[in-house]
Amino acid sequence: MSQTFPKSRRLLKSTEFDAVFAARRSRADKRIVIYTLANELGHPRLGLVVSRKVGNAVARNRWKRLLREAFRLIQDELPAVDIVCLPRPSHSPTLDSLTESMRTLICGKEGSR
RNA sequence: AGAGACAACCGGAUGGUCGCCGGCUUGCCCCGAGUUUUCCACUGCGUGGAGCUUGGGCCAAGCGGGAGGAAAGUCCGGGCGCCGUAGAGCGAGGGUGGUGGAUAACGUCCACCGGCCGCGAGGCCAGGGAAAGUGCCACAGAAAAGAUACCGCCUGAGGGGCUGUCGGUCGUCGGCUGAAGAAAAUGGAUAGCCGAGAGCCAACAGUCCUUCAGGUAAGGGUGAAAUGGUGCGGUAAGAGCGCACCGCGGGCGAGGUGACUCGCCUGGCAGGGUAAACCCCACCCGGCGCAAGGCCAAACAGAGAGCAGAGCUGGCUCGGCUCGUUACGACUCUCGGGUAGGCUGCUAGAGCUGCGGGGCAACCCGCGGCGUAGAUGAAUGGCUAUCGGCGGUGGGUGUUCCACAAGCGCGAAGACCCACCGCGACAAAACCCGGCUUACAGGUUGUCUCUGGCU
RNA sequence: UACCCCGUGGUGUAAUCGGUAACACUAGGGAUUUUGAUUCCCUCAUUCCAGGUUCAAGUCCUGGCGGGGUAG
């Protein structure tokens, strides 16, 4: 069970982000919006888009760290997809709620599409 | 004890566990380059493999490191880089504005000067020029800038009105005398005297109105601001007209590097405000910025050259099948510029710190010590434990105070201990540095001021 | 990273060289009307905030806050 989060598990280039957005497969709940695109790497990858409307730099860094931590903890449960995650402007997030949102929005994908 | 002023500083601590980023060392694997004076194979000055050296990538382990006082806003100043420029000056545009210093430089800092505020410690000040010129100053007000006109005050002259006094006069009224006519009664004069009061005339005085000439600038409800202020003298009324003090201008002297200060003499007084209005003066500024700049370099397109093979299929270093036959195609190689992308710039720098010296200080000099973040869809985190900080509530212990006297707590104040609850700010590097400004829970230290009490 | 523009009633806009913040719509209240519509009247502004210059600031200057935009 891998719990690490090296650079190979992230989206690093604009072309990769553009590909995920071009697929236009999104789901959302109150806290976050998630775009997904299947890849052939055998493991999921995560990319984050945090708007300035979320808050100042400290609040945005808080969001990104908690989203990365949630992805790190549950990445073995996820299929091999590229994920772009956008937080919605809301109140201060918690790790448990983000883990739950990410798990339901990604793993529950087969039921909706 | 209370209330303040200024300056400096801290910005939770220690662990556990799972992670992230980069550095060094070691190791596995992969890719590239060099080495034939390291070795082996092949027929050759050549090729291939192994070894060695070196560079890069990925993974793993170990060691040590990893946000701030403002990292923020991007308001100034520099370093650094590229471009432009012979040098210098002028112009445009922008900025700064007491003096002296500090500094790489600054709009920053220090010291001093001046003004304003505060009882004070202290605080604030874009603080040059308004007799170089232009503009503006609403409303109100006589007037908002030439003291000109106006009201007002005073003097003289003319006219007029009113009042008073004296005089004159026409005529009226009352009283007395009483002529002519007549004997008298009577009569009552173109007569006289006395008195009354209105009118008219003249003079004088006072007062008012008006016109003219002159003297004035004291005063004129206003206004943010009114042509030096106050007092005394003076005058027809007044006025720096004269005097005293204050303010202002000029000159001289002394002190200071200077801003400026002090003293003396002198001028009777020039001059409103606004330059964060235009402007003038002095000084400063070439432009753009690390997404600068440098290096490597896919793909596509271009140029040049070369060659016979190309496609499909099975298997691994070759074989089979199909198609094609000498070129404007396809393929291969080379070249320049260079996109995507990568590397670099990238952190040792006007560095931090201790001591000594110089300087009032900002700061500078010398010696010693330290090694202190480098991300790039963007690291410095998640969970948890203990301790500590602040506030509140409750409980306990002991202290002080209670006014003119006594008395006391179920009164007040603050101190210590325990338990529970809550709070724990502002804000995150993005080439670097010096400042400024703004945000900030809570806390620490030093110096100083004022008030009250005690000795 | 660099730069530019804008903040005025609830909304959209005005305000000349600095001189007592104006208009339209909306909302609320009132009048007219038997009632409603129409019409008329009234109310609603710390000019984003804080300082400064000035006699006087929406306007000028400085610093913040917020919003929008441009370039690579």
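Just so it is clear, the model here is predicted, and its values are computed rather than measured. Proteins get letters first, then strands, A, B, ... in listed order; numbering begins at 1 in each.
- Under the side-chain hydrogen bond (donor to acceptor under 3.5 Å, both in side chains) criterion, A:Ser51 pairs with no residue, sequence neighbours left out.
- Rounded to the nearest Å, the gap between the P atom of B:rC109 and that of B:rG434 is 16 Å.
- When distances run from any side-chain atom of A:Ser14 to the nucleotides B:rU376, B:rC20, B:rG377, the shortest one goes to B:rG377.
- For the pair A:His43 NE2 and B:rC59 C1', the interatomic distance rounds to 14 Å; values are reported in whole Å.
- Counting only heavy atoms from C-beta outward, the side chains of A:His43 and A:Arg9 approach each other to under 4.5 Å.
- One can place CZ of A:Arg10 at 12 Å from C1' of B:rG381, the figure rounded to the nearest angstrom.
- The side chain of A:Leu95 approaches B:rG382 more closely than any other nucleotide in the set B:rC20, B:rA378, B:rG382.
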Are there any protein N/O atoms within less than 3.5 Å of an N/O atom in nucleotides 422-428 of chain B, and if so, which ones and at what distance?
{"from": "B:rA428", "atom 1": "OP2", "to": "A:Ala57", "atom 2": "N", "distance (Å)": "3.4"}
{"from": "B:rA428", "atom 1": "N7", "to": "A:Asn61", "atom 2": "ND2", "distance (Å)": "2.5"}
{"from": "B:rA428", "atom 1": "N6", "to": "A:Arg65", "atom 2": "NH1", "distance (Å)": "2.1"}
{"from": "B:rA428", "atom 1": "N6", "to": "A:Arg65", "atom 2": "NH2", "distance (Å)": "3.3"}

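- Here A:Phe17 lies parallel enough and close enough to stack on the base of B:rG377, with planes under 30° and ring centres under 5.5 Å apart.
- Of the listed nucleotides (B:rU380, B:rG377, B:rC21), B:rC21 has the atom at the smallest distance from the side chain of A:Lys7.
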Just by protein heavy atoms under 4.0 Å, how would nucleotides 67-72 of chain C read 5' to 3' in B, S and -? ------
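- Rounded to an integer number of Å, the gap from CZ of A:Arg60 to P of B:rA72 is 13 Å.
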